[in-house]
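Right, one structure below, let's go through it.
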Amino acid sequence: GDVRPTTKQRQRSPTPPQPHTLAYPALTAPSGPAPAFQQPTQIISFSYTPARELEFTDSALRYLASPPPRAKLAHGYNRWVRRPETRPRLDGLLRALSAARTKRHPALANGFGAVAWRGVLTRILTAPYEERDGWEMNVMCVDGVLYFEEHLDEARLREKNDIVPRLRLQAYFGYAFESYCTSETPSAGNAPRVNVPQAPGEPPGWSGDVNTNVQWCSVVRTKLGDTRLVIGGEVDCVRGKYTGQTDTFVELKTSMVIRNTRDEARFEKKLLKFYMQSFLLGVPEILVGFRTPAGEVSTMQTFRTVEIPRLVRGKPHGWEPARCLAWGDGVLGFLKRWVGKRGDNERGQTEEGGQSEKGDGEGTGEEQQEEETRREAHPDA
Ligand code: 0WD
Ligand code: CA
């Protein structure tokens, strides 16, 4: 379980920033209670149109609907309008943040310490249990606020764009499930409405072809430990009505049907990502459609986000959110000290134990160069 996420610090310097590796569990407090996480409150929402234009409306907001039994998720695959993979930048989130600031949103009155897309924070917080997928982050500090971006190099981007057909179809299954489970119009009361076919030739419940440009995003404010966070994330739909807060948000997921205890263990490990992703944005409900390998929904199950940790606690493949929060708090604290302080002794302190430097011994030269970059960027340091 030793993961080595890499942070990259970008600076106003001609020298490219050097990666710095953080090692788990060096940053985790050995004991004590988990840091508190404040219930997220929404600051602002926005939509991306089919043409991928950002607008401050709820045009892309969808309402939960009941899918038909045995919905076929390959439907409409060849009509999928697919948003090309680009570098996941912070622009949309920053525009929303500045719109909220212009309106002097009270939730921003106390300031904030970090800004990120929810997916980025999910990656950081689930790192203690991640055994497969590594990642790199760009972290920028402006006026004491940390801004996070996932760092994808050309090779990774190409990889994401050229995914093999089987995986591309699997990704599409998720979007098709969203089409079956959502509606553009609200339903009466809390019960999801039943969609009628929109056009001849479409299956019941199909609410329109998939265009992954279209997204409804919510920006929330919350707090982990003593770091105030502004987090943006995509929300699939709301149950019943939109309250302007996160309490009716619903996350939609598809997953392979569970046939045996091995599948069950695999799913319960995956639940950590589902859980953390929804937890960070204050999404209280996750609806999972279990599908066959061919993409037919066989059963559906609703999970209350807060109840998920109890389902896995104590199991051999289980996980503890407290461990993730402590690690996340440690990472944020470390980065604040590291990029915030300009003196040299801080780095000495953090790295004396040798735990947060590269394990392969190539760290020293790189770190010296990094130190020089820092001095260049901050001549007053
Ligand atoms: O361009 C990229 N490589 C990415 C862009 C990667 C991750 C996110 N984003 C964008 C999202 O499109 C959105 O505008 O950042 C914004 C916020 O995303 P988030 O809520 O932080 O993203 P995350 O929690 O990772 O994913 C939420 C949903 C996914 O749902 P599932 O159920 O699969 O977790 O965002 C969608 C997807 O529906 N999504 C994407 N859609 C199209 N292209 C992508 C992507 N690359 N990544 C996530
Ligand atoms: Ca989803």
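Atoms within each ligand, like the ligands themselves, are counted from 1 in listed order. Keep in mind that the numbers below use all heavy atoms, side chains included, and drop hydrogens, waters and symmetry copies. Note that the coordinates shown come from a computational prediction; the quantities given were computed from them, not determined experimentally.
Under a 4.0 Å heavy-atom criterion, Val120 is not in contact with ligand 1. For Lys273, the closest heavy-atom approach to ligand 1 does not fall below 4.0 Å. In this structure, Arg156 does not count as a contact residue of ligand 1, since none of its heavy atoms falls inside 4.0 Å of the ligand. Ligand 1 has no atom lying under 4.0 Å from any heavy atom of Thr122.
Around atom CZ of Arg79, more than 12 heavy atoms belonging to other residues, nucleotides or ligands sit under 6.0 Å away.
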- Begin from the C-alpha positions of Glu154 and Arg87 and carry the test salt bridge (charged side-chain N to carboxylate O under 4.0 Å, His left out) through to its verdict. CA-CA 9 Å; Glu154 288 301 331; Arg87 289 227 159 76; 3.4 Å; yes
- Take Arg95 and Leu54 through the side-chain contact (heavy atoms from CB on, under 4.5 Å) test and state the conclusion after the steps. CA-CA 9 Å; Arg95 280 183 59 191; Leu54 188 159; 3.8 Å; yes
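Counting heavy atoms closer than 4.0 Å to ligand 1, residue Glu150 contributes nothing at all. At a heavy-atom cutoff of 4.0 Å, ligand 1 is contacted by no atom of Asp236, backbone or side chain. Neither the backbone nor the side chain of Arg87 comes within contact range of ligand 1; no heavy atom lies under 4.0 Å. For Arg82, no heavy-atom contact with ligand 1 is shorter than 4.0 Å.
Remark: ligand 1 and Gly119 share an N or O pair separated by less than 3.5 Å (distance only, no angle test). Considering backbone and side-chain N/O of Thr86, one or more are found under 3.5 Å from N/O of ligand 1. Any N or O atom pair closer than 3.5 Å counts here, and Glu251 shares at least one such pair with ligand 1. Residue Thr212 places no N or O, backbone or side chain, under 3.5 Å from any N or O of ligand 1.
Taking atom 3 (N) of ligand 1 as the reference point, the nearest protein heavy-atom neighbour is Glu85 OE1, 3.1 Å. In this structure, the protein non-hydrogen atom closest to atom 45 (C) of ligand 1 is Arg83 NH2, 3.6 Å. Looking at atom 29 (C) of ligand 1, its nearest protein heavy atom turns out to be Glu234 OE1, 3.9 Å. The protein atom (non-hydrogen) at minimum distance from atom 11 (C) of ligand 1 is Gln215 NE2, 3.5 Å. Nearest protein neighbour of atom 31 (P) of ligand 1, counting heavy atoms only, is Lys253 NZ, 3.2 Å. Residue, atom and distance of the protein heavy atom nearest to atom 41 (N) of ligand 1 are Tyr175 OH, 3.0 Å.
Trp117 and Gly232 get closest at one heavy-atom pair: CE3-O, 3.2 Å.
Ionic pairing of Lys269 and Glu130 is not present here: no N-O contact between side-chain nitrogen and carboxylate oxygen is shorter than 4.0 angstrom. The pair Asp263-Arg266 meets the salt-bridge criterion, with a side-chain N (NZ, NE, NH1 or NH2) lying under 4.0 Å from an Asp/Glu carboxylate O.
When the options Thr182, Val250, Thr185 are evaluated for a side chain to side chain contact (heavy atoms under 4.5 Å, CB included) with Arg62, the one that passes is Thr182. Partner of Glu149 under the side chain to side chain contact (heavy atoms under 4.5 Å, CB included) criterion, out of Leu93, Val115, Asn138: Asn138 alone.
Atom 27 (C) of ligand 1 is flagged as protein-proximal [any protein heavy atom, distance under 4.0 Å]. For atom 48 (C) of ligand 1, the nearest protein heavy atom lies 4.0 Å away or farther. Inside a 4.0 Å radius of atom 7 (C) of ligand 1 there is not any protein heavy atom.
Between Tyr77 and Trp80, the angle of the ring planes lies from 30° to 60°, which puts this pair in the tilted group. Between Trp319 and Tyr275, the ring-plane angle classifies as tilted under the 30° and 60° cut-offs. Using cut-offs of 30° and 60° on the angle between ring planes, the pair Phe303 and Phe267 is tilted.
Of all atoms in ligand 1, numbered sequentially from 1 with element shown, those under 4.0 Å from a heavy atom of Gln277 are 23 (P), 24 (O), 26 (O), 27 (C), 34 (O).
One N or O on the side chain of Thr248 and one on the backbone of Lys241 form a donor-acceptor pair closer than 3.5 Å. Under a 3.5 Å cut-off, the side chain of Thr212 and the backbone N or O of Arg83 do form a donor-acceptor pair.
Nearest N, O or S atom of Glu251 to the Ca ion (ligand 2): atom OE2. The name of the N, O or S atom in Asp236 nearest to the Ca ion (ligand 2) is OD2.
Put simply, Leu252 gets within reach of the Ca ion (ligand 2), with an N, O or S atom under 3.0 Å from it.
Residues Trp327 and Tyr129 place their aromatic rings such that the two centres sit no closer than 6.0 Å.
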